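In this text, all values refer to a predicted model and were calculated from it rather than measured experimentally.
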Amino acid sequence: MTITYFGQNSLLLTIGDTKVLIDPFISGNPLAKDVIAIDTIQADYILLTHAHQDHILDAEAIAENNDAVIVSNYEIAMHYQAKGITVHPMNHGGSWQFDFGKVQYVNAVHTSSFPDGSYGGQPGGFVISTTGDKHVYIAGDTALTMDMKLIPLKVTLDIAILPIGDNFTMGVDDAIIASDFVACNQVLGVHYDTFGYIEIDHEDAKKKFEAKGKVLTLLDIGQSMDL
């Protein structure tokens, strides 16, 4: 699996021949819009953690460009189905076997509404277990929550993708605790630097993780890592 970072919470997972896009917010991201062109992105599936604009802005355009399937909670899925997009609705605790692997929609503590203020269902995260036997936790926007402790009861994670920007989500210190809860010392940080509220000190964040025997990876926009 290759993970490519597009800024904020937006990631592209390349799993064999399948491309799974997470929370595409690119054209409105001042850090990403001049680096990544959305019409060049290939995606077979688009997974949306919740309905906030900084997670769904480019979902419709990319889905239409690629005839991609949007996977999210029921309310978000129905929103896009009404636009003629193919969807797969899920809800908390449920899982589904896709061609690239098994996906479970798990709890997150946050809010969720579309840019016009309409209801976006309850926020969530995803645990992806690929057909190549890799296990990835995408927390989405969330506070630290005890529900994270349920994840390692079922899977041994290879990486936890956690928000670290604070203010709207967990910050660095709570993300370290979250990595304990999910029993994974390999963390990819997301949801930081995009706005003034969530700017972080990169080196300080990495040192805090290192002091706890963990590795925090912070990718540049457009940069990839192999798992």
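Within 6.0 Å of the CD atom in Q42, the count of heavy atoms belonging to other residues, nucleotides or ligands does not exceed 12. A 6.0 Å sphere centred on CG of D204 holds more than 12 heavy atoms belonging to other residues, nucleotides or ligands. In E64, the CD atom is crowded: over 12 heavy atoms of neighbouring residues, nucleotides or ligands sit closer than 6.0 Å.
No option in K154, H135, Q97, K134 other than H135 meets the side chain to side chain donor-acceptor pair (under 3.5 Å) test with S129. Of the listed residues (I161, T217, V190, L12), just one forms a side-chain contact (heavy atoms from CB on, under 4.5 Å) with Y5, and that residue is V190.
Formation of a donor-acceptor pair under 3.5 Å by the T169 side chain with backbone atoms of A143 is not found in this model. Side-chain atoms of N73 never come within 3.5 Å of backbone atoms of G121 as a donor-acceptor pair (strictly under, hydrogens ignored). Between the side chain of T142 and the backbone N or O of V109, at least one donor-acceptor pair lies under 3.5 Å. The backbone N or O of S118 sits less than 3.5 Å from a side-chain atom of D116, completing a donor-acceptor pair. In terms of modelled atom types and a separation under 3.5 Å, the side chain of Q223 and the main chain of D220 share a donor-acceptor contact. Here the side chain of T40 pairs a donor or acceptor atom with the backbone of A37 at under 3.5 angstrom. Between the side chain of N66 and the main chain of I62, a donor-acceptor pair closer than 3.5 Å is present.
How far CZ of F6 is from CG of L21: 6.5 Å, rounded to the nearest 0.5 Å. Considering OG of S113 and CD of Q53, their distance stands at 10.5 Å, rounded to 0.5 Å. Here L219 contributes atom CG and M225 contributes atom CE; the two are 6.5 Å apart, rounded to the nearest 0.5 Å.
Residues Y192 and H202 place their aromatic rings such that the two centres sit under 6.0 Å apart.
Between M78 and V87, some side-chain heavy-atom pair lies under the 4.5 Å cut-off. The side-chain heavy atoms of W96 and V103, taken from C-beta on, include no pair separated by under 4.5 Å. Contact of the I26 side chain with the I41 side chain is registered, since non-hydrogen atoms from C-beta on lie closer than 4.5 Å.
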Between I15 and V20, is a side chain to side chain contact (heavy atoms under 4.5 Å, CB included) present by the stated rule, with each step listed? CA-CA 8 Å; I15 305 168; V20 181; 4.1 Å; yes

Assess the residue pair S27 and D58 against the criterion (side-chain hydrogen bond (donor to acceptor under 3.5 Å, both in side chains)); give the C-alpha distance rounded to whole Å, side-chain angles, the decisive distance to 0.1 Å, and a yes or no. CA-CA 7 Å; S27 64; D58 299 311; 2.5 Å; yes

Any chance you could lay out the side-chain hydrogen bond (donor to acceptor under 3.5 Å, both in side chains) test for D23 and T49, step after step, and finish with the verdict? CA-CA 7 Å; D23 287 355; T49 61; 2.7 Å; yes

Please report the C-alpha distance between T131 and D99 in whole Å, then the side-chain angles of each, then the deciding distance to 0.1 Å, and finally whether the side chain to side chain contact (heavy atoms under 4.5 Å, CB included) criterion is met. CA-CA 8 Å; T131 50; D99 54 6; over 6 Å; no

Run F181 and D147 through side chain to side chain contact (heavy atoms under 4.5 Å, CB included) and show every step you take. CA-CA 9 Å; F181 283 5; D147 286 342; over 6 Å; no

Going through the checks in order, is the side chain to side chain contact (heavy atoms under 4.5 Å, CB included) test met by L13 and K19? CA-CA 6 Å; L13 311 184; K19 295 186 181 298; over 6 Å; no

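If you check the side chains of D226 and T2, you find a donor sitting under 3.5 Å from an acceptor. Between the side chains of K214 and S179, a donor-acceptor pair is found at a separation under 3.5 Å. In this structure, a donor-acceptor pair under 3.5 Å is present between the side chains of D141 and H191. Looking only at atom types and distance, the side chain of T4 has a donor-acceptor partner in the side chain of S224 under 3.5 Å away. Side chains of D54 and Q8: a donor-acceptor N/O pair is present below 3.5 angstrom, by distance only.
The two atoms that bring A175 and P163 nearest to each other are CB-O, 4.0 Å, heavy atoms only. Closest of all the heavy-atom pairs between Q104 and M90 is CA-CE, 4.5 Å. Here the closest non-hydrogen pair linking I151 and Y137 is CD1-CE1, 3.5 Å. The minimum heavy-atom distance between I38 and N65, with the atom names listed, is O-ND2, 4.4 Å. Taking each heavy atom of L31 and N29 in turn, the nearest pair found is N-OD1, 2.9 Å. Of all heavy-atom pairs spanning I164 and G189, the tightest one is CD1-CA, 4.0 Å.
When the side chains of ILVMFWY residues are joined at heavy-atom separations under 4.5 Å, either directly or via intervening members, I200 and L162 end up in a single hydrophobic cluster. Hydrophobic clustering, with ILVMFWY side chains joined whenever heavy atoms are under 4.5 angstrom apart, groups I177 together with L188.
Counting side-chain heavy-atom gaps under 4.5 Å among Ile, Leu, Val, Met, Phe, Trp and Tyr, the cluster of L57 also holds F25, F168, F195, Y197, I198.
Evaluation of the ring pair (Phe, Tyr, Trp, His ring centres under 6.0 Å) rule for F114 yields H79 as partners, not counting sequence neighbours.
Between K212 and D180 there is no salt bridge, since no side-chain N of the basic residue sits under 4.0 Å from a carboxylate O of the acidic one.
Under the 30°/60° scheme for interplanar angles, the aromatic rings of F100 and F98 are found to lie parallel.
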